[in-house]
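Working notes, structure below.
Throughout, protein chains are lettered first and strands after them, A, B, ... in sequence-line order, and every chain is numbered starting at 1. Note that the coordinates shown come from a computational prediction; the quantities given were computed from them, not determined experimentally. Side chains included, hydrogens not; waters and symmetry mates left out as well; all remaining heavy atoms used.
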There are 2 protein chains.
Amino acid sequence: MNKSELNEEEIQLWYKWKGSFHSIFGRVIKEMSDHTGLSEGDYGVLDRLDLLGDGSLRQQELAESMDWDKSRLSHHLTRMEKRRLVMRKPLDNDRGVQVIITPTGKSALNDARPIVSMAIRKHFLDQLTDQDVESITKLAERTKKGSAASYNAPAP
Amino acid sequence: MNKSELNEEEIQLWYKWKGSFHSIFGRVIKEMSDHTGLSEGDYGVLDRLDLLGDGSLRQQELAESMDWDKSRLSHHLTRMEKRRLVMRKPLDNDRGVQVIITPTGKSALNDARPIVSMAIRKHFLDQLTDQDVESITKLAERTKKGSAASYNAPAP
DNA sequence: AAATTGTAGTTGACGTGTCAACCATGCTAT
DNA sequence: ATAGCATGGTTGACACGTCAACTACAATTT
């Protein structure tokens with residue numbers, strides 16, 4: 001009975017929201033991958049291996065920290081292994097797998113960090129007013145019902 | 001010289017922004033595709049054919065209105081044609097192609113409309129404060145430098 | 001001990017996106 | 001006329017994502 005049709009403004013708001021996200025996000029990722037050859041996923045993996053695991057993590061922990069399912073991560077690691085960015089090593093006690101960043105991976109990550117930072121600042125942070133920051137923060141708070149992974153960096 | 005490192009809050013803001021978007025957007029799309037079998041792309045194509053073209057558009061106009069490149073659209077239409085959601089018909093004067101919504105496509109679209117509306121209301125609009133709305137609107141304004149496609153529905 | 005369940009990860013199939021190369025045709029300039 | 005160039009679209013290769021089915025083995029249950 002509740003028809004719930006959206007009016008023009010509501011539809012436009014949805015499109016604006018989508019549009020801003022894709023535009024900003026796309027610019028950041030493109031800047032990184034143009035300069036480093038890493039994709040967003042590559043960077044996420046390497047970053048977590050480095051910061052959360054000091055170079056290596058169990059595959060499962062890595063998956064959780066990225067909020068990726070095991071299949072997605074498995075496929076992605078297979079591709080990254082081919083490019084020598086990471087290695088996999090089976091654990092024999094536990095039946096898990098250790099994912100280890102290679103020197104190549106570490107160096108790619110180090111190259112990417114400043115570029116990513118600059119890109120996020122330029123395309124995202126510099127575009128935001130204080131009100132936007134507050135809005136984003138609160139919306140995230142309201143939104144994150146049951147989505148575990150919020151990537152809290154390891155304690156200092 | 002400009003190191004431009006991000007501090008913890010800045011990084012977290014980026015992750016919160018990404019997280020909210022994916023969470024909300026994912027819920028809307030999942031609700032639609034669970035109930036109708038249409039993907040986001042399918043819906044976008046059908047919606048524009050219906051509203052902008054009254055059932056058909058030149059492939060290139062469709063591409064522009066979606067802000068997709070011709071290759072992406074060509075691949076997508078090939079898949080949609082297989083499922084009988086649209087048809088392609090070559091134009092002989094001009095060397096273009098007319099994309100036409102089929103009865104199947106039209107009916108799928110009509111089924112999807114209320115579901116999409118409800119999902120957008122539930123997962124997106126209902127989560128927003130007035131401040132969020134203002135923030136989204138203004139950010140989109142500031143952001144849309146040179147990105148043509150903002151999908152303005154045809155005049156009433 | 002044998003059967004069941006749970007955990008960790010892999011695999012294949014297929015939809016989606018991007019890029020570069022290609023094809024066909026119409027337009028323009030020589 | 002012909003040589004280029006622009007337009008509109010297709011194609012193939014490959015990266016990325018998702019789903020369901022599968023393997024392997026450890027831990028419990030019976």
>> Contact list please: residues 69-88 of chain A against DNA chain C, heavy atoms, distance less than 4.0 Å, in numerical order.
In response: A:Lys70, A:Ser71, A:Ser74, A:His75, A:Arg88
> Do you know the tightest heavy-atom contact between B:Ile115 and B:Met32?
Replying inline: CG2-CA, 4.1 Å
> Which comes earlier along DNA chain D counting from the 5' end, the contact point of A:Glu40 or that of B:Gln60, where each point is its nearest nucleotide?
Replying inline: B:Gln60
> Is there side-chain contact between A:Thr129 and A:Glu134, with at least one heavy-atom pair below 4.5 Å?
Replying inline: no
>> Taking ring pair (Phe, Tyr, Trp, His ring centres under 6.0 Å) as the cut-off, I'd like each qualifying pair that reaches into residues 100-127 of chain A, sequence neighbours left out, listed once.
In response: A:Phe124-B:Trp14, A:Phe124-B:Trp17
> What's the CD1-P distance between B:Ile29 and C:dG15, to the nearest Å?
Replying inline: 18 Å
>> Within the structure provided, determine whether B:Arg113 and B:Asp47 are in side-chain contact (heavy-atom separation under 4.5 Å).
In response: yes
> Thinking salt bridges, do B:Asp67 and A:Lys18 make one under a 4.0 Å N-O criterion?
Replying inline: no
>> Enumerate the ring pair (Phe, Tyr, Trp, His ring centres under 6.0 Å) contacts for residues 26-72 of chain B, please, sequence neighbours excluded, ordered by first and then second residue.
In response: B:Trp68-B:His76
>> Take a 6.0 Å sphere around CG of A:Asp126 and say whether it holds more than 12 heavy atoms from other residues, nucleotides or ligands.
In response: yes
> Which parts of residues 96-108 of chain A get close to DNA chain C, meaning a heavy atom less than 4.0 angstrom away?
Replying inline: A:Gly96, A:Val97
> Is the shortest side-chain N to carboxylate O distance from A:Lys138 to B:Asp132 below 4.0 Å?
Replying inline: no
> Under 4.5 Å between any side-chain heavy atoms of B:Ile100 and B:Gln98, yes or no?
Replying inline: yes
>> My understanding is that only residues two or more places apart in sequence, or in another chain, count here; which of them pass side chain to side chain contact (heavy atoms under 4.5 Å, CB included) with B:Asp111?
In response: B:Ser107
>> Going 5' to 3' along DNA chain D, between which two nucleotides do contacts with chain B fall, using a heavy-atom cut-off of 4.0 Å?
In response: D:dT7 to D:dA13
>> In this structure, how many angstroms lie between the P atom of C:dG9 and the NZ atom of A:Lys89, rounded?
In response: 14 Å
> Closest nucleotide of DNA chain D for A:Asp42 versus for A:Asp92: which of these residues is on the 5' side?
Replying inline: A:Asp42
